[in-house]
There are 2 protein chains.
Amino acid sequence: MTALPLKEALNQACHEIERTIDVLLPLVPGDENILIEAMRYAALGGGKRLRGFLILETAALFDAPREAALKAAASVEFLHAYSLVHDDLPAMDDDDLRRGQPSTHKKFNEAIAILAGDALQTSAFEAILDPSTKLDASIRAELALSLAKASGSTGMVAGQVIDIRGEGRALPLEEVSRLHALKTGALIRYSAEAGAILAGISKSDPRRQALLSYGADIGTAFQVADDVLDSTASTEELGKTAGKDEDASKSNYVALLGIEGARAEARRLIERARNSLEIFGPRAETLRSLADYFVERRS
Amino acid sequence: MTALPLKEALNQACHEIERTIDVLLPLVPGDENILIEAMRYAALGGGKRLRGFLILETAALFDAPREAALKAAASVEFLHAYSLVHDDLPAMDDDDLRRGQPSTHKKFNEAIAILAGDALQTSAFEAILDPSTKLDASIRAELALSLAKASGSTGMVAGQVIDIRGEGRALPLEEVSRLHALKTGALIRYSAEAGAILAGISKSDPRRQALLSYGADIGTAFQVADDVLDSTASTEELGKTAGKDEDASKSNYVALLGIEGARAEARRLIERARNSLEIFGPRAETLRSLADYFVERRS
């Protein structure tokens with residue numbers, strides 16, 4: 001079986017993940033249907049599904065069951081969607097646009113957006129704990145625990161708080177790195193490791209370690225590239241308000257390294273990420289292309 | 001071993017659950033410590049720990065391991081605390097007081113309160129998935145899945161949405177019952193069932209069914225008693241703004257049944273809940289007293 005070109009593989013994964021999300025969030029007859037509509041609006045409103053794709057691709061390295069991998073992919077997209085819904089709230093980033101569309105609290109209202117984010121987080125755990133995937137309970141529990149560690153007060157949310165606390169002052173490079181390793185990095189590392197967890201590969205296995213290193217490097221590269229993108233692209237291209245990071249005097253890699261320095265750092269990280277995949281040989285070709293894509297992307 | 005009188009048993013459980021929460025939420029040196037402080041403020045700021053106590057008492061019926069039961073009790077209190085933090089936000093109930101103290105967004109700020117609630121939800125899953133409890137992974141996964149079903153878009157959050165949607169119009173009794181069965185009932189049912197899950201008792205076992213019935217009835221009685229309390233007590237006694245439900249024309253049991261009718265309904269439910277416990281004989285004496293306490297409580 002030859003690997004699909006990256007764009008085709010991404011498109012196909014997107015389609016499958018969205019079909020899985022659609023099935024996991026059925027509309028209901030009761031008054032609470034507005035909640036489901038808001039959850040679907042947030043979870044199905046586009047996005048490249050890079051985290052879900054990482055899970056599908058790393059799971060495929062070990063021939064982990066596809067249905068379980070799809071549930072895990074939908075789960076991480078629920079988690080990501082919840083974080084965006086809450087990030088956009090007036091008390092947080094106060095963003096009216098998300099991917100060129102009204103953010104969830106503008107489309108619905110603040111109360112529904114808070115609750116839809118809350119329920120999306122719950123759904124993320126529900127989707128991977130679902131016993132119908134036929135995965136061993138030990139694997140489901142390990143996945144759910146890893147997701148919790150990556151997304152709560154020791155992961156993504158901690159990073160968001162450091163980001164908020166750092167507004168208006170220039171953080172040193174190591175603090176900016178730590179911020180992003182938590183805020184966006186933790187969930188990307190989880191996604192890269194999840195395929196190995198799904199296949200029951202033990203924590204000490206060098207293949208699982210290789211995926212963690214790969215995930216860490218593309219996660220950082222992703223953020224560096226995001227900062228470059230934010231400092232160079234227009235609002236129209238981004239589908240969100242451009243230059244917000246600079247406006248709020250947020251610390252970012254471009255401010256610390258300059259545009260060219262940031263671009264070079266992203267390339268260095270991607271090269272190292274590609275090298276981490278050597279252990280998998282030609283099977284990891286799509287993940288290698290994905291590493292390049294992480295810094296090449298334009299939206 | 002003789003059972004402790006209820007008040008002593010409640011006090012002791014409170015103390016043990018809070019010590020467990022304290023250990024699960026250690027302060028950290030980084031900028032994100034403010035998040036942990038807010039989580040601790042919300043999770044350790046009092047409360048009767050009725051949900052956690054239910055888990056401890058139902059677990060004790062089956063001699064389930066105490067340490068695991070305490071983690072599960074802390075977990076459900078995290079979940080409950082997150083729901084209160086988000087409920088109090090300006091976009092939701094807009095309540096400045098919680099148990100006589102500033103609510104989390106008043107003590108910190110809205111962004112930190114949103115994120116602390118988010119991270120408390122995550123911590124709820126993390127605490128029960130923690131393998132250090134030595135529970136079988138199948139039990140940890142089942143507990144976490146049950147918690148997710150009780151708290152997300154098919155449980156507590158669905159009930160909150162129905163509540164918001166019903167404001168300003170009088171809902172019929174069956175809709176009010178459904179609202180509360182989801183909003184507060186689902187987590188109480190989960191707590192009553194959790195002891196059986198912790199002990200590996202199967203879903204079809206009549207003892208687990210008995211606990212579910214018990215949980216359903218005390219959950220409804222709790223809400224009926226809460227409506228009675230809210231319509232008769234002063235703000236000072238409640239530690240929160242009294243009469244809010246009537247002000248907002250929310251549907252409640254007192255409006256539907258009258259004060260005396262509501263009191264009688266609560267007594268009927270408690271009697272039925274006590275009867276559900278027959279299968280356990282004298283071991284369930286504390287749970288019987290707890291049922292009475294649910295409608296007798298004054299704050």
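Order of the sequence lines fixes the chain letters, A, B, ..., with proteins taken first and strands second; residue numbering starts at 1 for each chain. What you see below is based on every heavy atom in this structure, not just the backbone, and it leaves out hydrogens, waters and symmetry mates.
Contact record, B/Ala91 with A/Ala111: O-CB, 3.4 Å, taken as the closest heavy-atom pair. Summarising the geometry of B/Ala137 relative to A/Ser138, their closest heavy-atom pair is CB-CA, 3.4 Å, with the distance given to 0.1 Å.
The CD atom of A/Glu110 sits 7.5 Å away from atom CD1 of B/Ile114, with the distance rounded to the nearest 0.5 Å. Note that OG1 of A/Thr154 and CD of B/Glu126 are 5.0 Å apart. Values are rounded to the nearest 0.5 Å.
With a 4.5 Å cut-off on non-hydrogen atoms, A/Leu89 touches chain B through its side chain but not through its backbone. Only the side chain of B/Ile112 comes within contact range of chain A, with at least one heavy atom under 4.5 Å from a heavy atom of that chain. With a threshold of 4.5 angstrom between heavy atoms, A/Asp130 approaches chain B through N, CA, C or O but not through any side-chain atom. Using a 4.5 Å cut-off between heavy atoms, A/Leu145 contacts chain B through both its backbone and its side chain. Only the side chain of A/Met39 comes within less than 4.5 Å of a heavy atom of chain B; its backbone N, CA, C and O stay farther away.
Ring geometry for B/His86 versus A/His86: interplanar angle over 60°, hence perpendicular rather than tilted (30 to 60°).
Contact annotation: the side chain of B/Leu129 approaches that of A/Leu129 to within less than 4.5 Å [non-hydrogen atoms, C-beta and beyond]. Between B/Asp118 and A/Asp118 the shortest side-chain heavy-atom distance falls below 4.5 Å.
Among A/Ala124, A/Ser153, A/Ala144, A/Ala119, the residue with the largest count of heavy-atom pairs under 4.5 Å with chain B is A/Ser153. Counting heavy-atom pairs closer than 4.5 Å to chain A, the top-ranked of the candidates B/Glu142, B/Gln121, B/Arg140 is B/Gln121.
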Dump the intermediate steps for side-chain contact (heavy atoms from CB on, under 4.5 Å) on A/Thr122 and B/Phe125, then the final yes or no. CA-CA 9 Å; A/Thr122 322; B/Phe125 288 102; 4.1 Å; yes
Please step through side-chain contact (heavy atoms from CB on, under 4.5 Å) for the pair B/Met92 and A/Leu115, ending with a clear verdict. CA-CA 9 Å; B/Met92 305 269 293; A/Leu115 293 168; 3.7 Å; yes
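Comment: A/Asp31 engages B/Arg169 in a salt bridge, judged by a side-chain N to carboxylate O separation of less than 4.0 angstrom. Between A/Glu32 and B/Arg178 there is a salt bridge, with a side-chain nitrogen of the basic residue lying less than 4.0 Å from a carboxylate oxygen of the acidic one.
Residue-level contacts of residues 18-25 of chain B with chain A do not occur; threshold 4.5 Å between heavy atoms.
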